[in-house]
Amino acid sequence: MQITLPDGSHRQLPDGATGRDLALDISAGLARAALAVEVTEDGRQPEVRDLDRPLPDGATVAILTFDSEGGKQAFWHSSAHLMAEALEALYPGVQFGIGPAIEGGFYYDVDLSATGKDRLTDEDLPAIEAKMKELARGDSAFERREVSKADAIAYFEEKGDPYKLELIRDLEDGTITFYQQGGFVDLCRGPHIPSTKPIKAVKLTSLAGAYWRGDESRPQLTRIYGVTFPKQKLLDEHLERLELARQRDHRKLGKEMDLFMFSDKVGPGLPIWLPKGAVLRETLADFLKTEQVARGYEPVVTPHIARLDLFRTSGHYPYYADSQFPPMLEDELGPPLPEGEDPESRTHHTPGDPERRERGYLLKPMNCPHHTQIYARRPHSYRDLPVRLAEFGTVYRYEQSGELGGLTRVRGFTQDDAHVFCTPDQVKDEFKAAIDLTMTVLRALNYEDYTAQVSLRDPANTEKYIGEPAQWDAAEQAIREAAAEMGLETVEEEGEAAFYGPKLDFMVKDALGRSWQLGTVQLDYNLPERFDLTYIDENDDRVRPVMIHRAPFGSLERFIGVTIEHTGGDFPLWLAPVQARILPITDAQNEYAQSVAQTLRQSGLRVEVDTRSEKVGRKIREAELDKVPAQIVIGAKEAEAGTASVRRRGAGEDGQTIDTGAFLVEDLARNLKAEVDRGMGRA
RNA sequence: GCCUCCUUAGCUCAGCGGUAGAGCACUUCCAUGGUAAGGAAGGGGUCCCCGGUUCAAGUCCGGGAGGAGGCUCCA
């Protein structure tokens, strides 16, 4: 038989040869490192398979080692099985859910209720790790076996594992495989590595509760997360990388750099912006406001609350009542309370009952309902459109307590929101313009590593969306076309749409690799309908406008949180809360330093003066740690000559130039100001 | 909301039944030093909150609040 390698070369092997045979044919070293193979048969998707399965004639085959993604996945998946084997040895009777490989490791969901062990804690993990290493040294092969559905069911009924049985019942007969290593048998599609032996370094990282099949109404299993490596050194490096990521965590940097805080008394998920953090917000907002003026947006300002009726019309209330702060009720117009019900309970959540027409106010969860009222204040001609209303609007959402985190998930946040009201003909151009604005924003902050996601309806769950299916189809198609015409590569995600329409989301990753939605452009045919918005077209007919919701940052909170991590706190000059710090060498230069600071401030720069009686070395060190981009050293020479020496942050590392030289103070001010303007795209 | 973990000085953390500790920060004094930490002295704590066990509780037990990582949900 003939096998093609990824480089295009061919190998002749005897019929029935396996991946291992192929690896051996190439080199003994590769055979030792080989974990699995990736097989591509004519015209099919590549498939990762066990090393010891016979190869199909004529296929293209890549040998996978731990260096490849597929190799890692097989390695970690096998590690999950190894952990399961260890758990079964330590806790007989343990029942298993699913145990997949994930990005950066693996987990297994287990139910310990039948073992007498009521719960697992961190202290139990080292024993499990030790057992895994012991079993791994036993060098048991992962053996694949095809079984009939009946046999599979019989096995797990005998074993008493209801979760596996449920999984098997959903599978088709004839496609079921078991894998066994040592005494442990698991239902598994594979692939696996040949044996447990390469699993040398093991770290179980955390415990979490996870509902069976992600369903809150089903039992909660214990999820054990772990990661393994073929060498201890790789594990050490992995842990070191995690530690470095933690150094970039915006919660840590935000505290160190004095950007924002939380207070128990103010409340969870309600960030408080400190002076330096407020500068970030305002600078970003100014940057966007300037862009928006150039793009035909008009600013508006609306209140933080509105009558419940506004949100009844918009559909936010009562359907999303449990993710909103409880309404402020004035009185109740509905039927009397049922016998025995505490009237107090009615002053909080009263979701879901449209007959009970409470009167009151709601903290706004979105700005759009308010904006519809601005549009609706007078009749519009098609000649007026598009109308683009922009507001940095602060909204409040009652996120579940377990969901809150730093600045990326909060309960009160400010959207750089705008709503474009346009004719159906204008939708595509307006949508494209919003994409362009979002990309401009991301470019200004040097974001390159983002993905654009088309968020679509969940076809299996259409009742949670408002509006007509035909409109949804049209809207989803319009988004695809606009993105394609903007040259944007997109991925499509079902079930991620807003309840009122599909959207295009810009996703970026944080320091820990979690993906967050920042910018978003959303298409909405529904609110115009609900609020009966119209314009008069060329034929003097009343026609529905289309609404586009868009927020290039998404929210200032999340955007800044992610940007802190993206930059590691090293903000570009235009964004840095303190752009320059003057460092007099001795107290004798303090006065001159103040005059330099004054000159720079008059150019609009944010400047501090470090007048402490410390050595320059100390002042420079601390300016570096505070991530001040321009450090301006002033000694007797500068004071004499009317100049200032500039040291840029990061200088001195790797033998770089330490200072960029002495400038006349006026020139320095002009240079820095020009750099700021360039950064904001206003050169 | 559920699971696991955490909460001690402004910050980072040690202490884990017997009168609260370190480094940094802060204050004062000395030193006036040219590109990443000069020296000395000093001040600073309801050990998250509420109960319980104990002669004695940051320390053990229960409950609560807040935070972290997951799960679920998501406008």
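Every chain is numbered from 1 and lettered A, B, ... according to where its sequence line falls, protein lines coming before strand lines. These numbers were taken from a predicted model, which means no experiment stands behind them. Only heavy atoms go into these numbers, but all of them, side chains included; no hydrogens, no water, no symmetry mates.
- With its glycosidic angle more than 90° from 0, G10(B) is assigned anti.
- OP1 or OP2 of A36(B) sits under 4.0 Å from a side-chain N or O of R647(A).
- The neighbour count for E243(A) CD, taken as heavy atoms of other residues, nucleotides or ligands under 6.0 Å away, is above 12.
- Checking G34(B), C2(B), G70(B) against the side-chain heavy atoms of A208(A) singles out G70(B) as nearest.
- Pairing partner, G58(B): none, since no Watson-Crick or wobble contact has both distances short of 3.5 Å.
- Under 4.0 Å is where a charged nitrogen must lie from a carboxylate oxygen, and between E565(A) and K252(A) no such pair does.
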Using a cut-off of under 3.5 Å, enumerate the N/O to N/O pairs linking the protein to nucleotides 10-16 of chain B.
residue	atom	partner	partner atom	Å
U12(B)	OP1	K255(A)	NZ	3.3

Could you list the protein-to-nucleotides 63-67 of chain B atom pairs, N/O on both sides, closer than 3.5 Å?
residue	atom	partner	partner atom	Å
G66(B)	O2'	D264(A)	OD1	3.0

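- In this structure A25(B) sits in no base pair that meets the Watson-Crick or G-U test at under 3.5 Å.
- When the nearest nucleotides of RNA chain B are assigned to V633(A) and R409(A) by heavy-atom distance, the more 5′-ward of the two goes with V633(A).
- Of the residues near RNA chain B, D587(A) and P365(A), the one whose nearest nucleotide (by heavy atom distance) lies more toward the 5' end is D587(A).
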(request) Would you sort out whether E624(A) and Q631(A) count as a side chain to side chain donor-acceptor pair (under 3.5 Å), showing the intermediate values? (result) CA-CA 8 Å; E624(A) 282 289 332; Q631(A) 300 151 14; 3.1 Å; yes

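- Base-pair partner of U35(B): not found among the strands shown (Watson-Crick or G-U wobble, both distances under 3.5 Å).
- No donor-acceptor pair closer than 3.5 Å links the side chain of Q95(A) to the backbone N or O of Y163(A).
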Which atoms of nucleotides 41-48 of chain B (N or O only) lie under 3.5 Å from a protein N or O atom, and what are those distances?
none

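- Here the side chains of F571(A) and M257(A) are in contact, with some heavy-atom distance below 4.5 Å.
- A donor-acceptor pair shorter than 3.5 Å cannot be found between the side chains of T567(A) and K627(A).
- With hydrogens and angles ignored, no donor-acceptor pair closer than 3.5 Å exists between the side chain of Q220(A) and the base of C3(B).
- T520(A) and D505(A) are linked by a side-chain donor-acceptor pair at a separation below 3.5 angstrom, with hydrogens and angles left out of the test.
- For an aromatic pair to be called close, the ring centres must be under 6.0 Å apart, and F553(A) with F559(A) satisfies this.
- Using a 4.0 Å heavy-atom distance criterion, E614(A) is classed as a base contact.
- Pair assignment for G66(B): C6(B), on the basis of Watson-Crick or G-U wobble contacts that are both within less than 3.5 Å.
- Checked against the 6.0 Å centroid criterion, the rings of H419(A) and Y375(A) do not qualify as a close aromatic pair.
- Salt bridge present: E399(A) and R409(A) bring a charged side-chain N and a carboxylate O closer than 4.0 Å.
- Within the nucleic acid shown, A551(A) has no heavy atom closer than 4.0 Å to any nucleic acid atom.
- Between R218(A) and E166(A) there is a salt bridge, with a side-chain nitrogen of the basic residue lying less than 4.0 Å from a carboxylate oxygen of the acidic one.
- C71(B) is paired with G1(B) under the Watson-Crick or G-U wobble criterion, all donor-acceptor distances under 3.5 Å.
- With sequence neighbours left out, S217(A) forms a side chain to side chain donor-acceptor pair (under 3.5 Å) with D215(A).
- If you check every strand for non-hydrogen atoms under 4.0 Å, L120(A) touches sugar and phosphate atoms only.
- Seen from the ring of Y108(A), R223(A) does not count as a face-on cation partner, given the 6.0 Å and 45° thresholds.
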Are any protein N/O atoms closer than 3.5 Å to N/O atoms in nucleotides 24-27 of chain B? If there are, list each pair with its distance.
residue	atom	partner	partner atom	Å
A25(B)	OP1	R618(A)	NH2	2.4

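- When the side chain to side chain donor-acceptor pair (under 3.5 Å) test is applied to W472(A), no partner is found at least two apart in sequence or on another chain.
- Within 3.5 Å, a donor on the side chain of E638(A) pairs with an acceptor on the base of G34(B), or the reverse.
- For Y211(A) against G1(B), a side-chain N or O and a base N or O form a donor-acceptor pair under 3.5 Å.
- Looking at heavy-atom distances under 4.0 Å, A588(A) makes no contact with the nucleic acid at all.
- The residues R312(A) and D309(A) are annotated as salt-bridged, a charged nitrogen and a carboxylate oxygen being separated by less than 4.0 angstrom.
- Side-chain proximity of E624(A) to G34(B), G69(B), A36(B): nearest is A36(B).
- Comparing G1(B), G70(B), G34(B) against the side chain of Q400(A) picks out G1(B) as the nearest.
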